[in-house]
Amino acid sequence: MSDVTRPIRRILGRSGRASEAPTTTVPGKTIAAIPTGDAPTAAITVDIAESDPLLAYLQTAPGPVDLGRLELESPAVTGLRQAGVALVVPLVSQGELIGTLNLGPRLSEQDYSTDDRRLLTTLAAQAAPAIRVAQLVSEQAAEAAERERLEQEMRVATLIQQQFLPRELPNLPQWQIAAYYGPARAVGGDFYDFIEMPGGRIGIAVGDVTDKGVPAALVMARTHSILRAEATRTDSPGAILARANELLVPEMPARMFVTCLFAILEPETGRIVMANAGHNLPYIRTEAGVVELRATGMPLGLMPGIRYEETEGTIEPGSNVLLYSDGLVEAHDPNQEMYGFPRLREEMAVDDAGSELLDRLLDTLHRFTGPDWEQEDDITLVTLRRAFGVSDAAEAAASGPTLVTAFSIPGEEGNERLAMDRVAAAIADQGLPPARLERLKTAVSEATMNAIEYGSQGRPEIPVDIEVETTEEAIVVRITDRALSGAVPGDAEAPDIERKLAGEQKPRGWGLFLIKNMVDSMDVTEDGSTQTVTLTMAREERNDG
């Protein structure tokens, strides 16, 4: 028997067959009763509801309460009497009722004396703070365990999302494609995807799963897999979404659904066919202004039998397209003003290239929300720009540079090889001598490695953008990072092996030295939020050395 019960035994007199020991449950607290003898007894639970008058009575009672003399219309009093409780001792800590000590009739069949009541009051005054401390410790331990569980769930959800985001963007001649995914602290279910389809067409999906955490991430992964599978069976965006909806309805968790936009792009003609399942409508900047491609349909997973209408349009040379999730337009500034659709349309009206549009949108968002912004929802942006073709370019600029390719890579270590291979593939038909091609590939790899290490700091969600242009005289590669800490140090001195071994030079610097000596020129520009390294390789070896 515990130390708390020993004084009670002395009050109750001789030992014998114990009375029932009910447990009294007050709102948020449960305290076991004290038995009246040595034998262990089974507990009976008696609840005290928030509205029960006994709760208020015990809160202000000066000492033990004799239930036999208590005149109170209370279900809890009735329940306690039926359980054999004769005396209730309130446990109050800092004015809050945290539980009770419930005692049955004395085995001597005598009433509790004044001394008994005084001792019980003293005991309650000493026990209540200790019990309250124990309650607080237990609550804090439970809260810590819950926080750890949630943090682990967020880590798992983030990993799931990252595994399903594309590791590289489509490399389409005369098209510049850029993408950005910015997760909020509470991981949601945003996703985007590019799917190769027959005839050189590209399927483009952008979606958002309601709710947060692992459930949303799992639904996102399931939706992603269904869309990819259905895109191999049909070239109709409406049919793809309808089939995805039928598969998701029976397995969708309660109060959860998926908004999704699915489009099929013909890169050669600019023709785009789109179906929409409750997602934000895409914006297209044309010479006539900013327009929306409209298509309607219910979100995925809500009800079976939904049909999705299709909309068709053409992306003309020089036009920009933006697909996005609502994390952008629903962001708030410190005064709780929403970013909103009108502001987004204004930004879309500016004529610039795809990756520049993406960077400008993010810059505008960060200026709007301020430096202390706590992101409320995931933000997903996908931009497409159709460049001028050969004949269009001749009309636009007789001898200007030609954009060969533009793409983004996740800013994580190892992707410098991916960047080098994609640049090499893009200029394979440009007739660059093999030796000069190898030197350019090395320079691209080194510059991209610097951008990943210093700009993205190895974080895959912070991409590195790469553009390749050609002129009659040279091939130009631009590598742009988000400049978190500066991807290329300025004016680094030429490395000297003897001075490095002597400790007179920093151990780093070889990469920058190598880049400068691999190409004909290297320039570094910054605009405060991005840093661009421009590598120029002449088509033929220069005679000036």
Side-chain angles (χ1 to χ4, degrees), residues 161 164-166 169-170 175-184 187-194 202-210 216 220 223-224 227 237 241 257-263 265 272 274-286 289-297 299-300 311 313 315 319-333 338-350 352-369 373 375-386 408 461-463 465:
Q161 282 187 307
F164 281 90
L165 292 177
L169 301 179
W175 286 86
Q176 182 178 1
I177 300 177
Y180 170 83
Y181 168 69
V187 180
D190 274 19
F191 66 93
Y192 68 92
D193 196 15
F194 299 94
I202 297 294
I204 305 171
V206 178
D208 184 7
V209 182
T210 60
M220 180 275 293
T223 305
H224 174 278
L227 293 176
L241 290 183
F257 56 85
V258 183
T259 67
C260 182
L261 184 146
F262 195 93
L265 173 68
I272 187 169
M274 180 195 76
N276 188 15
H279 200 72
N280 296 317
L281 298 176
Y283 283 122
I284 301 180
R285 192 207 63 78
T286 67
V290 178
V291 298
E292 290 179 335
L293 276 182
R294 291 190 171 273
T296 60
L300 305 177
T311 298
I315 303 172
S319 296
N320 280 340
V321 181
L322 172 66
L323 296 83
Y324 60 99
S325 65
D326 54 14
L328 173 64
V329 293
E330 293 181 1
H332 292 82
D333 69 2
M338 188 179 294
Y339 185 90
F341 294 98
R343 184 175 282 102
L344 181 57
R345 288 183 67 96
E346 291 177 3
E347 293 299 324
M348 280 295 299
V350 179
D352 55 17
S355 63
E356 295 173 359
L357 168 63
L358 190 150
D359 293 338
R360 185 162 49 75
L361 288 175
L362 293 176
D363 291 342
T364 303
L365 174 65
H366 294 150
R367 288 196 301 270
F368 173 79
T369 56
W373 175 49
Q375 188 174 328
E376 304 153 72
D377 196 3
D378 295 355
I379 295 176
T380 299
L381 305 175
V382 175
T383 60
L384 302 91
R385 177 181 173 86
R386 186 182 180 190
S408 298
E461 70 271 17
I462 304 177
D465 301 325

- Query: Does R386 reach the main-chain N or O of S319 with its side chain, forming a donor-acceptor pair under 3.5 Å?
  - Reply: no
- Message: To check you understand the geometry: which heavy-atom pair defines the closest contact between N280 and S325, and what is its length?
- Response: ND2-C, 3.3 Å
- Message: Just so I know, are the side chains of V382 and L358 near enough to count as touching, which here means a heavy-atom distance under 4.5 Å?
- Response: no
- Query: How far apart are the C-alpha atoms of L384 and Q176, what are their side-chain angles, what is the distance that settles it, and do they pass the side-chain contact (heavy atoms from CB on, under 4.5 Å) test?
  - Reply: CA-CA 6 Å; L384 302 91; Q176 182 178 1; over 6 Å; no
- Task: Just say parallel, tilted or perpendicular for the rings of Y339 and F368, cut-offs at 30° and 60°.
- Result: perpendicular
- Item | L328 CG to E347 CD distance, which is reported to the nearest 0.5 Å | 9.5 Å
- Considering all heavy atoms of both residues, which atom of H279 and which atom of T259 are nearest to each other, and what is their separation? ND1-OG1, 3.0 Å
- Query: Hey, what do you get for CD1 (I177) to CD1 (I202), rounding to the nearest 0.5 Å?
  - Reply: 7.0 Å
- Task: Could you check L362 against L381 for side-chain contact (heavy atoms from CB on, under 4.5 Å), going step by step and ending with a plain yes or no?
- Result: CA-CA 9 Å; L362 293 176; L381 305 175; 3.9 Å; yes
- Query: Nearest 0.5 Å, what's the CG-CZ distance between L169 and F194?
  - Reply: 5.5 Å
- Message: I'd like to check N276 versus L281 (side-chain heavy atoms, cut-off strictly below 4.5 Å). Are they in contact?
- Response: yes
- Task: Go through the steps for D326 and D208 under the test side-chain contact (heavy atoms from CB on, under 4.5 Å), then give the verdict.
- Result: CA-CA 8 Å; D326 54 14; D208 184 7; 3.2 Å; yes
- Item | Distance-only polar pair, side chains of Y181 and D378, donor-acceptor under 3.5 Å | yes
- Query: Side-chain contact, heavy-atom cut-off 4.5 Å: R385 with L357?
  - Reply: no
- Note on the structure: By ring pair (Phe, Tyr, Trp, His ring centres under 6.0 Å), H224 pairs with (sequence neighbours left out) F164
- Kindly indicate, with the supporting measurements, whether the criterion side-chain contact (heavy atoms from CB on, under 4.5 Å) is fulfilled by L365 and W373. CA-CA 10 Å; L365 174 65; W373 175 49; 4.0 Å; yes
- Query: Do L344 and Y283 touch side chain to side chain, with heavy atoms closer than 4.5 Å?
  - Reply: yes
- Item | Min side-chain heavy-atom separation P299-T210 under 4.5 Å | no
- Message: I'd like to check P170 versus W175 (side-chain heavy atoms, cut-off strictly below 4.5 Å). Are they in contact?
- Response: no
- Task: Determine the sole option in T383, I284, L265 for which the side chain to side chain contact (heavy atoms under 4.5 Å, CB included) test with V321 is passed.
- Result: I284
- Which atom of L241 lies closest to which atom of A277, heavy atoms considered: CD1-N, 3.9 Å
- For the residue pair Y192 and P166, what are the closest heavy atoms and their distance? O-CD, 3.3 Å
- Note on the structure: When rounded to the nearest 0.5 Å, the distance separating CG of L322 from CZ of R285 is 12.5 Å
- Could you give the distance from CZ (R343) to CG (L361), rounded to the nearest 0.5 Å? 12.0 Å
- Task: Taking the side chain as every heavy atom from C-beta outward, state whether T223 and M220 have any pair of such atoms under 4.5 Å apart.
- Result: no
- Query: Looking only at heavy atoms, which two atoms of Q375 and G182 are closest? And how far apart?
  - Reply: NE2-O, 2.8 Å
- Task: Look at the side chain of E376 and the backbone N and O of H332, then say whether any donor-acceptor pair between them is shorter than 3.5 Å.
- Result: yes
- Task: Evaluate the side-chain proximity of L261 to L323: yes if any heavy-atom separation is below 4.5 Å, no if none is.
- Result: yes
- State which residues pass ring pair (Phe, Tyr, Trp, His ring centres under 6.0 Å) with Y180; sequence neighbours excluded, sorted by chain then number. none
- Item | Qualifying residues under side chain to side chain donor-acceptor pair (under 3.5 Å), relative to R294, sequence neighbours excluded | E292
- Message: For the CE atom of M348 and the OG1 atom of T286, what is their distance to the nearest 0.5 Å?
- Response: 9.5 Å
- Indicate the atoms forming the closest heavy-atom contact of R345 with V290, along with that distance. NH2-O, 2.9 Å
